[in-house]
Asks: 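Input: one structure, supplied below.
Naming convention: chains lettered A, B, ... in sequence-line order (proteins, then strands); numbering from 1 in each chain.
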Amino acid sequence: MTAPTKPPQSHSTDAGCDAPLATPLQATVIDWFDENARDLPWRRPEAGPWGVMVSEFMLQQTPVNRVLPVYEQWLTRWPRPADLAKDAPGEAVRAWGRLGYPRRALRLHGAAVAIAERHGGDVPTDHAQLLALPGIGEYTAAAVASFAYGQRHPVLDTNVRRVLARAVTGVQYPPNATTAAERKLARALLPDDEGTAARWAAASMELGALVCTAKNESCHRCPITALCAWQLAGKPEHEGPPRRGQTYAGTDRQVRGKLLAVLRDAHAPVPQAALDRVWHEPVQRARALDGLVSDGLVEPLQGGMYRLPLS
DNA sequence: GAGACGTGGAT
DNA sequence: TATCCAAGTCT
C-alpha cells in the first residue's frame with residue numbers, strides 16, 4: 001500500500017521526551033491509514049500536482065471506481081496542464097465521458113489555461129492562487145495544497161465532516177451545509193506539524209470513505225471506535241429534518257444530460273433535429289439546450305447546427 | 001443560503 | 001421502484 005510521504009518518526013504519544021506529533025485520535029487514524037490506504041493512482045508519487053488536481057476535479061461528487069479509467073485516459077492524453085490548455089474545451093467535455101456534471105470538465109480546462117498563462121505551466125502551490133482557479137473551491141484548494149504539496153490545511157470534505165460529526169460531536173450526520181463550527185473544529189484538530197497535518201487529512205478522509213460510511217458503517221473495523229463520541233452515546237439516530245435528496249427524473253438536468261450525450265458521441269456538428277429526438281417536450285428541451293449554450297458547454301453554429309465548444 | 005448542476009450503483 | 005449517496009462549486 002503506497003501512501004503519501006511518511007513523517008520521519010512515530011506519530012504515537014509513546015513514553016519519551018519528544019512532544020507528540022498528534023493526539024491519540026489523529027495518531028491512531030494515521031497509523032490505520034498506513035496499513036489500509038488504497039493504492040490509488042493519484043496517490044502515487046509520479047502523479048504529481050497535476051495528477052492530484054485532475055483527480056480532485058473528477059472526484060467532486062463522483063465515486064472513485066468511476067473516476068479511475070477516465071483519470072488514466074486524461075493523464076495519458078494531457079500529461080501537463082499546458083497540454084490540456086492547447087486543446088479545445090469541447091475535447092475536455094468529450095473526454096469527461098459520463099462522469100457527470102460536465103461543467104467540471106470545462107472548468108478544469110479553464111484552470112489549465114490559467115495555469116499555462118499565469119503560472120508558467122505549473123500547478124500553483126499557494127492556497128489563494130489555487131482558490132482563484134475556475135472549479136476550485138475551499139475544499140479542492142485545501143486538498144491540492146495538502147495532497148500535492150504536503151501543506152497544512154483543514155480538508156473538510158463530506159467524509160471528514162461525517163467522521164468528525166460522529167467521532168467528536170457524537171451525532172450520526174453532519175449538517176446539510178458546512179458550518180462555521182465544523183470549520184473551527186477541523187482547524188482545532190489539525191496537527192501542528194505540516195507533514196502530519198497532510199497525512200491526517202488523507203487518513204481521516206479515507207476512514208470516512210472505507211469505514212465510517214454514510215450507511216452501513218463498519219464500527220467493528222474502526223480504529224477509533226473506543227474514542228468515538230457517537231459510539232459512546234449508543235449511536236443515536238439522526239434527528240431533525242430529513243436530509244435533502246435531489247430528484248432527477250424529468251428535470252432539466254436529465255434533458256441536458258441527454259443532449260450532451262448526443263454531442264459527445266458525434267464528431268461532427270449535429271443538426272437540431274437530432275437533438276430534438278432526445279426529449280419530447282419542446283419547451284423544456286429548448287430551455288435545456290439554451291442553458292447548455294449559455295454555460296459554454298455547447299456551441300451553436302449557422303443553420304441550426306450544434307457541437308461541443310471549439311474555443 | 002437555497003437550488004442548480006449528471007450519472008450510475010447499492011439498498 | 002424509489003431513494004440515497006458519491007473527495008463540491010457557483011450563483
Asks: For A:Q254 and for A:K215, locate the closest nucleotide of DNA chain B by heavy-atom distance; then report the residue assigned to the nucleotide nearer the 5' terminus.
Replies: A:Q254
Asks: Would you say that A:L131 contacts A:E138 through its side chain, given a criterion of any heavy-atom pair below 4.5 Å between the two side chains?
Replies: yes
Asks: Do you know the tightest heavy-atom contact between A:G296 and A:L106?
Replies: O-CD2, 3.4 Å
Asks: Quick check on A:K184: does its NZ atom have over 12 non-hydrogen neighbours (other residues, nucleotides or ligands) under 6.0 Å away?
Replies: no
Asks: Could you tell me whether the phosphate oxygens of C:dG8, OP1 or OP2, come under 4.0 Å of any side-chain nitrogen or oxygen in A:Q61?
Replies: yes
Asks: What integer number of Å spans the C1' atoms of B:dC5 and C:dA6?
Replies: 15 Å
Asks: Within less than 4.0 Å of OP1 or OP2 of C:dT9, is there a side-chain N or O belonging to A:T140?
Replies: yes
Asks: Would you indicate, yes or no, if C:dA6 has its OP1 or OP2 atom less than 4.0 angstrom from a side-chain nitrogen or oxygen of A:R66?
Replies: no
Asks: Checking contacts here: which listed nucleotide (C:dA7, B:dG6, B:dC5) is nearest the side-chain heavy atoms of A:R38?
Replies: C:dA7
Asks: For B:dT7 and A:R103 - does any side-chain N or O of the residue sit under 4.0 Å from the phosphate oxygens OP1/OP2?
Replies: no
Asks: Check whether any side-chain heavy atom of A:V270 sits under 4.5 Å from a side-chain heavy atom of A:R307, and report yes or no.
Replies: no
Asks: Determine the Euclidean distance between corresponding P atoms of B:dG8 and C:dT9; express it in Å to zero decimal places.
Replies: 23 Å
Asks: Does A:R107 have a side-chain nitrogen or oxygen under 4.0 Å from the phosphate oxygens OP1 or OP2 of C:dT9?
Replies: no
Asks: Looking at the side chain of A:R104, which of B:dG6, C:dA7, C:dC5 is the nearest nucleotide?
Replies: B:dG6
Asks: Is the distance from OP1 or OP2 of C:dA6 to the nearest side-chain N or O of A:R162 less than 4.0 Å?
Replies: yes
Asks: Would you indicate which nucleotide in C:dA7, C:dC4, B:dC5 comes nearest to any side-chain atom of A:Y101?
Replies: B:dC5
